[in-house]
S.K.: 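One structure follows; several queries about it will come next.
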Amino acid sequence: RLFDLLPDDIEWVVVADPRHVHYLANFLVHPLSFSGGERGLLILEREGSATLVADNFARRSAAGEPFVDDEVIHDWYDHRHSVINRDHALLAALKRVADRLYGRPGTLEAEWLPVGAWEVLGLDRETHSVRREPGEVAPGQSPADPGSLLRQLRRRKEPDEIELLRVCMRAGEAGHARAREIVRPGVGELEIYCEVQSAAITAAGRPVLVYGDFRATSAGRPKAGGLPTGCMLQDGDLFLLDYSVVIDGYRSDFTNTIAAGTPSDAQRRLLETCRAAIDAGEQHLRTGVAARAVYSAVSGALEQAGYGPLGHHAGHGIGLAHPEPPILVPDSDDVLQSGDVVTLEPGLYVEGVGGLRIERNYLITDAGCERLSHHELTLD
């Protein structure tokens, strides 16, 4: 599908964004390994071959088995010699395959490649074209933008991606269920985070990443976000639990807000209004609907209840990034597509009452939508 979108004369692509190397070839350096933060490169050729380029320790830290035809691995560390600059090891591996690309038109993810890679490949940095000989530029070559094309392709989730997202959802639901058991006055934000993380890891059956908002809001501080602090919950607080579980690079993202103690009538009204906003948004989740129309439906429910317009997005796409298109905001140009996985997340933050947000995840289909997350949306 990528080559179908590229100019016909493009014979090869260097894929450099780690998410796209993972998306196309199932190679991702595990973020919880000693090589976390390192990466590999992927060379795709139009006739069908795929080559992974990496250093030896990045390769051994892969989260899964790469789906490629060839691997070019440069030894960075061998337990005998001093290590070199690790980026130089990656460039050395790239240099070993550069010869077969010379003289052939190609393109690359320029945003993710350092100047050193351009020099190894002999590319002109203005035209993105390959020098046939030192100083010579291939004629008629126009720059292509494979990174943007891959982001476009990523919106249509394949069946294996959907199944992995479902695993993320089940792990997220387990964390939400555990939070409902332990949120009460006197419990700390960090303790709740640890319990949620433990429940999510247990449900996933493997190490996972958990990040998001684990913060208490109150009548005097209705808006708070980010990772947990040393704050201890007080009677009357609302604990906002908006987090993602990341497995093999893919993530869920859904929210509930739990009362510490007995919620007030005003806090219950916040929840019921946000539930009505989600219901209104769900009616618009189908292929071909403008993202701004979904925002209007969600925000409209809040406005009808007298709270004014929604002060942030009504939702967004998720997958290998957070957020990714479509973005459900007033001036969005996005249109829902079959295969999108999106969130709906209305929130209200009211002085004297507290802050509350809820969120669900959906798969967009031609017929409408399928709800992927099934956690409870209740204060107590």
Side-chain angles (χ1 to χ4, degrees), residues 1-2 5 15-31 39 42 62-64 66-67 109 111-112 145-173 175 200 204 206 208-213 242-255 281-282 285-289 291 294-295 313-329 332-345 359-366 368-375:
R1 289 196 286 139
L2 174 61
L5 295 175
V15 180
D17 183 333
R19 292 164 297 190
H20 294 160
V21 175
H22 177 46
Y23 177 66
L24 293 162
N26 196 42
F27 176 77
L28 174 71
V29 176
H30 201 296
R39 62 187 178 123
L42 179 66
F67 187 80
E109 283 195 279
E111 306 91 337
W112 281 87
D145 186 2
S148 294
L149 295 177
L150 282 165
R151 282 166 173 76
Q152 175 184 330
L153 293 176
R154 275 169 39 192
R155 287 187 57 177
R156 191 183 84 190
K157 303 300 189 291
E158 301 290 347
D160 60 331
E161 295 176 282
I162 297 297
E163 287 308 307
L164 184 53
L165 286 168
R166 292 185 194 277
V167 176
C168 297
M169 306 289 175
R170 303 295 82 79
E173 289 164 0
R206 55 175 135 166
V208 301
L209 291 174
V210 178
Y211 70 87
D213 295 328
D242 178 357
Y243 71 94
S244 295
V245 174
V246 186
I247 304 176
D248 292 344
Y250 287 80
R251 68 210 65 206
S252 59
D253 177 29
F254 48 91
T255 310
E282 284 185 3
L285 293 184
R286 60 183 181 277
T287 302
V289 172
V294 183
Y295 170 86
H313 57 228
H316 54 80
I318 54 171
L320 284 169
H322 179 187
E324 59 183 36
I327 307 296
L328 312 181
V329 290
S332 177
D333 295 325
D334 297 330
V335 175
L336 300 186
Q337 300 176 7
S338 181
D340 281 336
V341 174
V342 303
T343 76
L344 288 178
E345 54 174 320
E359 181 180 21
R360 283 176 168 156
N361 297 168
Y362 305 85
L363 170 65
I364 304 301
T365 68
D366 291 333
C369 68
E370 176 190 349
R371 185 187 300 167
L372 298 177
S373 58
H374 302 286
H375 64 307

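Since the structure is predicted, the reported quantities are computational estimates derived from the model, not experimental observations.
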S.K.: Shortest non-hydrogen contact from Arg39 to Phe27?
M.R.: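 Scanning both residues completely, I find the closest heavy atoms to be C-CE2, 4.3 Å.
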S.K.: I'd like to know if the side chain of Ser373 reaches the main chain of Met169, judged simply by a donor and an acceptor atom lying under 3.5 Å from each other, with no hydrogens or angles considered.
M.R.: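 No; judged by distance alone, with no hydrogens or angles, the pair does not exist.
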S.K.: Once you round to the nearest 0.5 Å, how far does CG of Leu2 lie from CD of Gln152?
M.R.: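 That separation rounds to 10.0 Å.
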S.K.: Looking at every heavy atom in both Ala291 and Leu328, which two are closest together, and how far apart are they?
M.R.: CB-CD2, 3.6 Å
S.K.: Could you check whether any side-chain N or O of Tyr23 sits under 3.5 Å from a backbone N or O of Leu153, counting only pairs where one atom can act as donor and the other as acceptor?
M.R.: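 Such a contact is found between Tyr23 side chain and Leu153 backbone.
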S.K.: Would you please name every residue forming a side-chain hydrogen bond (donor to acceptor under 3.5 Å, both in side chains) with Arg154, sequence neighbours left out?
M.R.: His20, Glu324
S.K.: Can you list everything that forms a salt bridge (charged side-chain N to carboxylate O under 4.0 Å, His left out) with Asp340? Sequence neighbours excluded, please.
M.R.: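 Salt bridge (charged side-chain N to carboxylate O under 4.0 Å, His left out) check on Asp340 returns Arg155.
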S.K.: Take Leu150 and Leu24, measure what side chain to side chain contact (heavy atoms under 4.5 Å, CB included) needs, and give me the verdict at the end.
M.R.: CA-CA 9 Å; Leu150 282 165; Leu24 293 162; 3.8 Å; yes
S.K.: Measuring from atom CG of Leu336 to atom CD1 of Ile364, what distance do you get when rounded to the nearest 0.5 angstrom?
M.R.: 5.0 Å
S.K.: Looking only at heavy atoms, what is the nearest atom pair of Val210 and Ala200, with distance?
M.R.: CG2-CB, 4.2 Å
S.K.: Step by step, would you call Leu285 with Leu344 a side chain to side chain contact (heavy atoms under 4.5 Å, CB included)?
M.R.: CA-CA 10 Å; Leu285 293 184; Leu344 288 178; 3.7 Å; yes
S.K.: Output all residues satisfying ring-ring contact (aromatic ring centres under 6.0 Å, His included) with Tyr243, sequence neighbours left out; order by chain, then residue number.
M.R.: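 By the ring-ring contact (aromatic ring centres under 6.0 Å, His included) rule, Tyr243 matches His176, Phe214.
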S.K.: Minimum heavy-atom separation for Gly281 to Val294, with atom names?
M.R.: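 In terms of heavy atoms, the two residues are closest at O-CG1, 4.2 Å.
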S.K.: I'd like to know whether His374 forms a side chain to side chain contact (heavy atoms under 4.5 Å, CB included) with Arg360, so could you lay out the CA-CA distance, the side-chain angles of the two residues, the decisive distance to 0.1 Å, and finally the verdict.
M.R.: CA-CA 8 Å; His374 302 286; Arg360 283 176 168 156; over 6 Å; no
S.K.: For Ala16 and Glu109, work out which heavy atoms get closest and say how close.
M.R.: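 For Ala16 versus Glu109, the nearest heavy atoms are N-OE1, 2.9 Å.
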S.K.: With rounding to the nearest 0.5 angstrom, report the CD1 to CZ distance, Ile318 to Phe254.
M.R.: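 Going from CD1 on Ile318 over to CZ on Phe254, the span is 8.5 Å.
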S.K.: Only counting residues at least two apart or in another chain, list the ones meeting ring-ring contact (aromatic ring centres under 6.0 Å, His included) with His30.
M.R.: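 For His30, no residue satisfies ring-ring contact (aromatic ring centres under 6.0 Å, His included) once neighbours in sequence are set aside.
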S.K.: Report yes if some heavy atom in the side chain of Glu161 is under 4.5 Å from a heavy atom in the side chain of Val341; otherwise report no.
M.R.: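 They are not in contact (no side-chain heavy atoms under 4.5 Å apart), so the answer is no.
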S.K.: Residues two or more places apart in sequence or in another chain: which of them pass salt bridge (charged side-chain N to carboxylate O under 4.0 Å, His left out) with Arg371?
M.R.: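 Once residues adjacent in sequence are excluded, the partners of Arg371 under the salt bridge (charged side-chain N to carboxylate O under 4.0 Å, His left out) criterion are Glu282.
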S.K.: Report the residues that fulfil side chain to side chain contact (heavy atoms under 4.5 Å, CB included) with Asn26, sequence neighbours left out, ordered by chain and then residue number.
M.R.: His22
S.K.: Restricting to salt bridge (charged side-chain N to carboxylate O under 4.0 Å, His left out), what partner residues turn up for Glu111, sequence neighbours left out?
M.R.: none
S.K.: Which residues pass the ring-ring contact (aromatic ring centres under 6.0 Å, His included) test with Phe67, sequence neighbours left out?
M.R.: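 For Phe67 there are no ring-ring contact (aromatic ring centres under 6.0 Å, His included) partners, ignoring immediate neighbours.
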S.K.: Among residues at least two apart in sequence or on other chains, which ones pass side-chain hydrogen bond (donor to acceptor under 3.5 Å, both in side chains) with Thr287?
M.R.: Asp366
S.K.: Could I get the full list of side chain to side chain contact (heavy atoms under 4.5 Å, CB included) partners for Val329, not counting sequence neighbours?
M.R.: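 Only His313, Ile327, Ser332 meet the side chain to side chain contact (heavy atoms under 4.5 Å, CB included) criterion with Val329.
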S.K.: Would you call Val167 and Val245 a side-chain contact if the rule is heavy atoms closer than 4.5 Å?
M.R.: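 They are not in side-chain contact.
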S.K.: Checking Ala25 now: which residues fulfil side chain to side chain contact (heavy atoms under 4.5 Å, CB included) with it, not counting sequence neighbours?
M.R.: Leu42, Val68
S.K.: With a 3.5 Å distance limit and no angle check, can you tell me whether Arg251 reaches the backbone of Cys168 through a side-chain donor-acceptor pair?
M.R.: no
S.K.: For the side chain of Thr343 and the backbone of His316, is there at least one donor-acceptor N/O pair under 3.5 Å apart?
M.R.: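 Looks like yes, one N/O pair under 3.5 Å.
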S.K.: About how many Å separate CZ of Arg166 and CG of Leu372, when rounded to the nearest 0.5 Å?
M.R.: 5.5 Å
S.K.: Mind checking salt bridge (charged side-chain N to carboxylate O under 4.0 Å, His left out) for Arg19 and listing every partner two or more places apart, or none if nothing turns up?
M.R.: Asp17
S.K.: Rounded to the nearest 0.5 Å, what separation is found between the CG atom of Asp160 and the OH atom of Tyr250?
M.R.: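 Output value for this atom pair is 7.0 Å.
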S.K.: Has Ser244 got a side-chain atom pairing as donor or acceptor with Ser252's backbone, closer than 3.5 angstrom?
M.R.: yes
S.K.: For the pair Arg206 and Asp248, find out whether any cationic side-chain nitrogen is under 4.0 Å from an anionic carboxylate oxygen.
M.R.: yes
